[in-house]
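Right, one structure below, let's go through it.
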Protein chains: 2
Amino acid sequence: MTKDTENIRIKDIAQMAGVSAGTVDRVLHNRGRVSEENLKKVNAVLKMVNYQPNLIARSLASKKQYKIVAIIPSFKKGEYWESISKGIDKAGNEFEDYGVHIQKLYFDQYDNNSLNKTVDELFQISFDAVLIASLFANSVISISEKLDELNIPYNYIDSNISGQNQLAYFGTNSFDSGVIGAKILLNSIGKDANILVSRMIHSGDQNSNQSINREAGFNSYLNTVGYTGKVHYVDLKIGSSVFNFSVLDAFFESQNNIKGIIVFNSTCHKLANYIKVRDIHNLIVVGYDVIEENANVLREGYITALIAQRPQLQGYNGIKSLCEYLILKKRPQKENFMPIDILMKENVDYYNEQ
Amino acid sequence: MTKDTENIRIKDIAQMAGVSAGTVDRVLHNRGRVSEENLKKVNAVLKMVNYQPNLIARSLASKKQYKIVAIIPSFKKGEYWESISKGIDKAGNEFEDYGVHIQKLYFDQYDNNSLNKTVDELFQISFDAVLIASLFANSVISISEKLDELNIPYNYIDSNISGQNQLAYFGTNSFDSGVIGAKILLNSIGKDANILVSRMIHSGDQNSNQSINREAGFNSYLNTVGYTGKVHYVDLKIGSSVFNFSVLDAFFESQNNIKGIIVFNSTCHKLANYIKVRDIHNLIVVGYDVIEENANVLREGYITALIAQRPQLQGYNGIKSLCEYLILKKRPQKENFMPIDILMKENVDYYNEQ
DNA sequence: CTGAAAGCGCTTACAG
DNA sequence: CTGAAAGCGCTTACAG
């Protein structure tokens, strides 16, 4: 049990090939400066033995340092992107001993222009790989093209953009998570009930990929099942409860037959709080992301279900796979879809990221 | 960014304390054979500096090997315990370079006596830690007591047993996962509809903890919401479809007003297949665990929902925390509840363990 | 192009 | 009880 394969070392290979350890090392890493003849000898030995480099020894000896930049939205405590950030830190810590350092660059998730500014910052510094929260397709595509030129690997998280050369994507299938939102909603309110979709007003000129795709999935499900109700929309402001309350008051005065509400981002708690304060009953409310504020109103019954997407794991896997690529040349799968989790009052307390 | 804390080494501490590296090492690991005076000097230095041992160097230098035994049910491909086993292997691979070796010992999950035999095997060999699938409380308690005497750390997975000295438990709260099963079922069929609970006949004299606790949670929910229907039971045999079909035929002949079915273990697909073959409609079926056979009938619509518990993660974390305890003396939290996942047709395809 | 040697930070006999 | 030295498996200058 202790040894399934005898552990063979560079030294052993060197001896078998009749060369020095340095030469084997050069062959192993294609560092050049090896004669045709020795190259053959070493490769011959390599072919017979199953050499498993000791990574621990390698990183102890190597002074190589790697810098990974993570471009993500800024956040306050308890907000959605905090979870992603935690996952990034976790992976960063695990690979610290292997010479990996993480630097985070932030932008405003409600303003696509701010991402462009952050990108200018990015290209001022030097780095070996990038993790990108691909909220805004246009900007992300332009970053990606620059990174392609520089031959620097990059991963996407949050929402995918196809046709690009990202090493890997970690996140949900946003379209399908919209489908599930629609299904949970219609299961409870029926196919002819009216629905309110709550959106956020953005500063920039572009909505995030995630919301766009979720809404597309939602609409697709409505079409598929032959939905005959009416879908209404309100636009809220992220920072202004006063504004939001007056918008919602006006809306609910004009419409009194809404049965379900859905919010395609993590701000569902804003709506739930309105419902709580106004003491409105019998509404089915579906939102996204288990942040503390959402979880609280879910527990109290003002949100019916939350759909979640393992944010911490997205950050963790996004960084980890870049580390493994840099250190081990291990290429990850290109598309890595996170599970789409459904949380209700009864299971939300167990939803932590193990 | 590259250095938040200057990296101080044993050598540095030795120099500062005016002793040799060997002495520092002895102090660090309580290996004894250090004079009162030197002990003081080294500890004084240790108090000022934040020494972070380089684990990579440590494990390269140390020839220490650790053996962890995992006691789990045997399984065929695609069965529930395969996932747990995969998680165990994953953690084993990650810690291989650190000198950790895993040995698995199997027992029959439907026969508590078989576990006792496996335990006899266990105490024939030598090992440093144990991971136990705590299906059968009695046997597991007796193993635990022996391990306590030997001062060998052990973790539980699958279902918890309180009052024992396990280092940690990784698994769901079985009671609450029974509550959620009941909620999903009653949400669809109402509080007065009749329910069929399908059980498995065991060879031993004891049911598994997991099933017992899930059923307790299920019954508790029924009481809480004032359920007025009738709960029926059938006992099936794991290996005999012929037997099962005749039992179910007999049951459904005598009862024609069953609205919902629940199965508290991973064998729900057996019931779903019966329903499929007999072409029975309008039954809400809730089961546990996303094994391939269950997922297939969920996709086809013969199971309404599956409740899952991250089996791979249980195996992975169960081993990982033992490794960290052995290598780093890092003590894990004692109770680590897995999320309780709800899977429907629409999100099951994304349910993989990242 | 090549090999001998030093070094990564720690642990482990060993001589005293 | 103590320190100097060797060694874990690899990488990295360096002299030739």
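The shown structure was predicted, so the numbers you read here are calculated from the model rather than taken from an experiment. Proteins come first, then strands; the chains are lettered A, B, ... in the order of their sequence lines, and each starts at number 1.
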Legend entry - Short side-chain N/O contact from B:Asn38 to OP1 or OP2 of D:dT2, under 4.0 Å: yes
Inset, instruction - Step through the shown structure and confirm whether more than 12 heavy atoms of other residues, nucleotides or ligands are within 6.0 Å of NZ on A:Lys334. - result: yes
Inset, instruction - State whether B:Tyr51 places a side-chain N or O below 4.0 Å from either non-bridging phosphate oxygen (OP1 or OP2) of C:dC10. - result: yes
Legend entry - Closest contact, heavy atoms only, B:Ile157 versus B:Trp81: CD1-CZ3, 4.2 Å
Inset, instruction - Taking only Lys NZ, Arg NE, NH1 and NH2, and the carboxylate oxygens of Asp or Glu, determine whether A:Lys104 and A:Asp89 approach each other closer than 4.0 Å. - result: yes
Legend entry - Short side-chain N/O contact from B:Thr23 to OP1 or OP2 of D:dG3, under 4.0 Å: yes
Please produce a list of atom pairs where a protein N or O lies less than 3.5 Å from an N or O of nucleotides 6-8 of chain D.
| from | atom 1 | to | atom 2 | distance (Å) |
| --- | --- | --- | --- | --- |
| D:dC8 | O2 | B:Leu60 | O | 3.2 |
| D:dC8 | O2 | B:Ala61 | N | 3.1 |

Legend entry - Base partner of D:dA4, which must satisfy Watson-Crick or wobble distances under 3.5 Å: none
Inset, instruction - Could you tell me whether B:Gln15 atom CD has more than 12 heavy atoms of other residues or ligands within 6.0 Å of it? - result: no
Inset, instruction - Using only side-chain N and O atoms of A:Arg58, determine if any of them is under 4.0 Å from OP1 or OP2 of D:dG9. - result: no
Legend entry - Flag side-chain contact, heavy atom, 4.5 Å: B:Pro73 against B:Phe107: yes
Inset, instruction - May I ask you to say whether B:Asp12 pairs ionically with B:Arg9, meaning some side-chain N is under 4.0 Å from a carboxylate O? - result: yes
Legend entry - Short side-chain N/O contact from B:Ser20 to OP1 or OP2 of D:dG3, under 4.0 Å: yes
Inset, instruction - Hey, could you give me the CG/CG distance between B:Asn155 and B:Leu167, rounded to the nearest 0.5 Å? - result: 5.0 Å
Legend entry - B:Glu94 side chain to B:Tyr316 backbone, donor-acceptor under 3.5 Å: no
N/O to N/O distances under 3.5 Å, protein versus nucleotides 14-16 of chain C:
none

